[in-house]
Amino acid sequence: MTNRSQQLFEEAQKIIPGGVNSPARAFTPVGGDPRFIARGQGARITDVDGNEYIDYVGSWGPLILGHAHPDVIAAVKETCESGTSFGAPTEIEVKMARLVTEMVPSVEMVRMVNSGTEATMSAVRLARGVTDRPKIVKFEGCWHGHADSFLTKAGSSALTLGAPDSPGVPEGIAQNTINAPYNDLDAVKKIVSENRGQIAAVIVEPVAGNMGVVPPGEGFLKGLREVTASEGIVLIFDEVITGFRLAPGGAQERYGITPDLTTLGKIIGGGLPVGAFGGKREIMGHISPLGKRVSQAGTLSGNPLAMAAGHAVLQHLRKPGIYEELERKSKILADGVAENIKKLGAKVCVNRVGSMATMFFTPGPVTDYASASKADTKAFARYFREMLHRGIYIAPSQFEAGFVSLAHTDEDLSMTIRAHYEALKAAL
Ligand code: KE4
C-alpha cells in the first residue's frame with residue numbers, strides 16, 4: 001500500500017519539478033511513483049506508508065555505516081547544541097582537514113565545499129587557472145555533477161533520462177570539454193596530441209559508478225597518469241563515490257595511482273552536505289586567497305554539523321578490519337547473485353569493485369558507455385519493480401551503482417539473494 005507516498009507525490013509534482021529535488025530519484029525510467037521515505041535505521045528504510053526496504057542506495061553512497069548510525073547522530077546532536085553555522089573558521093574544520101589529508105596522502109591541502117558538484121567544478125577551475133589552458137577531457141558515461149563543463153555525454157541521471165548533452169550549456173563551454181570512451185587510453189593519447197598545450201585537466205572516475213559500475217581496465221589509470229604527467233595536464237580523480245568506499249584512501253589507494261587533485265563527497269559528509277577537493281600543495285596554493293587567487297567560496301563550506309557527521313564516519317572507517325568486513329558482506333551478496341544468474345541462465349553480467357556493484361541486463365562485458373548502453377532498460381525496469389515489491393530498494397536506474405554498507409546483516413543479504421532470484425526470474 002502506497003497511498004501516502006502517492007498523495008505526497010501528487011502534491012510534490014505541483015511545486016517541485018518532477019516532484020523530486022534530484023532527477024535521479026524520479027522513477028521515470030522504471031515506472032510507478034517514488035516512495036517517500038519516513039526514516040532509516042541501519043540497512044533499512046521505511047516509507048511513509050510503513051513499508052520497510054533493505055536499502056542498497058544508501059543515499060547514493062554516503063551511508064557506508066548505514067542509516068542513523070549512533071556515532072553520527074551523537075556528533076550532530078552535540079554540535080548543533082552550540083549553533084549550526086558561523087561563517088568563520090572552527091576547530092572541527094581543522095580536525096576534518098587533518099583526517100582527510102592523513103587518509104588520502106596525495107591530498108596535501110583540502111578545501112571543503114557543499115557538494116560533489118562544487119568539488120569537481122572548483123577542481124576544474126583550479127586546473128584551468130594553474131595551467132592557463134581552456135580544455136578538459138572527461139569520459140563518456142561518467143558523471144561529475146551538474147556544472148556546465150561536465151554536461152556532455154554525461155552519466156547518472158543525464159544518461160538515465162536520455163539527456164547526456166544537457167540543454168542550457170552554451171556551445172562556448174561545451175566545446176572545451178572533450179569526451180573519450182572510458183578505458184580507451186589510445187583515444188586519450190590521440191586527443192592530447194591533437195590538442196597539445198590546450199588541455200588543463202583529465203577528470204576521471206577511477207572506478208566509474210555513473211553508467212553502472214565499470215572498473216578501470218588493466219593499465220588504464222596508470223596510462224592516464226603517465227600521459228598527463230608528460231604533458232603538464234592536471235589529473236583529477238573524481239572520488240566522490242569511491243573515496244573512503246573502496247579503501248580508507250579510496251580508489252587511488254586500491255589501484256596505487258596518485259592523481260594531482262582529488263574530489264570527494266558523499267561518505268565524507270556522512271549524509272550531510274559535504275564535498276571537498278584537494279591535492280598537491282603547489283596546485284592548491286593557487287586557490288583564493290592564495291597564489292593566483294583562483295576564485296572559490298561558499299557560505300556553508302565546512303559547516304560544523306556536516307564536519308561533525310563526516311568526522312564521525314571517517315574515524316569509524318579507520319578502525320582495523322572495517323574494509324575486510326565490508327568485502328566479506330559484499331562477497332556474500334555477489335556470490336549469491338552469481339549463483340542465481342547461473343541457475344536461471346540469465347543473459348546478464350555483474351560488475352563489482354568492493355562494496356559497489358551493478359547487474360547489467362546485457363551479456364556484457366560492460367567496459368564503457370557504449371557497452372553499458374546495450375543494456376535492456378525495460379528488463380531492468382521489470383526487475384526493479386519486482387525487487388521493490390519484495391522489499392529490496394535499489395537505484396531506479398540501470399546506470400547507477402548499488403552499495404553494500406557495514407549495516408547490512410548476513411540475514412539482510414540472504415533475504416536479498418532470495419528476492420533477487422525471484423525478481424530476476426520474473427524480469428526475464
Ligand atoms: P553531488 O553534487 O550530487 O553531491 O555530487 C556530484 C557527483 C560528482 N561525482 C561523482 C562521481 C558522482 O557520482 C556525483 C553524484 N552522484 C549521483 C548518483 N550517481 C548523485 C545522485 C543524484 O544526482 O541525485
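Ligands are counted one by one from 1 in listed order, and the atoms in each one are counted from 1 as well.
- Ring geometry for F220 versus F139: interplanar angle over 60°, hence perpendicular rather than tilted (30 to 60°).
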Hey, mind stepping through I394 and F384 against side-chain contact (heavy atoms from CB on, under 4.5 Å) and telling me if it holds? CA-CA 7 Å; I394 63 173; F384 172 86; 3.5 Å; yes
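- Close approach to S22 involves these atoms of ligand 1, each under 4.0 Å from a residue heavy atom: 22 (C), 23 (O), 24 (O).
- T242 and E239 share a side-chain donor-acceptor pair at under 3.5 Å.
- Contact atoms of ligand 1 toward I241: 13 (O) (distance under 4.0 Å to a heavy atom of the residue).
- For E400, every heavy-atom contact with ligand 1 shorter than 4.0 Å involves the side chain, none the backbone.
- When distances from atom 4 (O) of ligand 1 to the protein are checked, a heavy atom turns up under 4.0 Å.
- Judged by distance alone, the side chains of Y393 and R35 never bring a donor and an acceptor atom under 3.5 Å apart.
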I'd like to know whether T262 forms a side-chain hydrogen bond (donor to acceptor under 3.5 Å, both in side chains) with Q252, so could you lay out the CA-CA distance, the side-chain angles of the two residues, the decisive distance to 0.1 Å, and finally the verdict. CA-CA 9 Å; T262 299; Q252 57 194 270; 2.9 Å; yes
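- Closest to atom 19 (N) of ligand 1 among all protein heavy atoms lies N210 OD1, 2.4 Å.
- When hydrogens are left out, the protein atom nearest atom 1 (P) of ligand 1 is G116 N, 3.5 Å; that is the closest non-hydrogen contact.
- A donor atom on one side chain and an acceptor atom on the other are not found under 3.5 Å apart for R125 and Q296.
- More than 12 heavy atoms of other residues, nucleotides or ligands shown are found within 6.0 angstrom of CD on E325.
- Residue-ligand proximity, E205 to ligand 1, at heavy-atom distances under 4.0 Å covers atoms 11 (C).
- For atom 20 (C) of ligand 1, the closest non-hydrogen atom on the protein side is K266 NZ, 3.4 Å.
- For S156, the heavy-atom gap to ligand 1 drops under 4.0 angstrom.
- Those atoms of ligand 1 with a heavy atom of A24 less than 4.0 angstrom away are 22 (C), 24 (O).
- A centroid separation of less than 6.0 Å is found between the aromatic rings of F361 and Y383.
- In terms of protein heavy atoms, atom 2 (O) of ligand 1 is closest to T117 OG1, 2.7 Å.
- Atom CZ of R4 and atom CZ of F36 lie 9.0 Å apart (nearest 0.5 Å).
- Between R328 and E324, none of the side-chain N atoms (NZ, or NE/NH1/NH2) sits under 4.0 Å from a carboxylate O, so this pair counts as no salt bridge.
- In this structure, the protein non-hydrogen atom closest to atom 9 (N) of ligand 1 is D238 OD2, 2.7 Å.
- Regarding atom 8 (C) of ligand 1, its nearest protein heavy-atom neighbour is H144 C, 3.4 Å.
- Taking 4.0 Å as the cut-off, H146 does not count as a neighbour of ligand 1 on heavy-atom distance.
- The G145 neighbourhood of ligand 1 comprises atoms 6 (C), 7 (C), 8 (C), with distances under 4.0 Å to a heavy atom of that residue.
- The line from CG of L300 to CG of L272 is 11.5 Å long, rounded to the nearest 0.5 Å.
- Which parts of ligand 1 touch S115 is read off a 4.0 Å heavy-atom cut-off, strictly below it: atoms 2 (O), 4 (O).
- Residue nearest to atom 14 (C) of ligand 1, selected from W143, F237, W60, F150: W143 (by heavy-atom distance).
- The ligand atoms of ligand 1 that sit less than 4.0 angstrom from a heavy atom of V240 are 7 (C), 8 (C), 9 (N), 10 (C), 12 (C), 14 (C).
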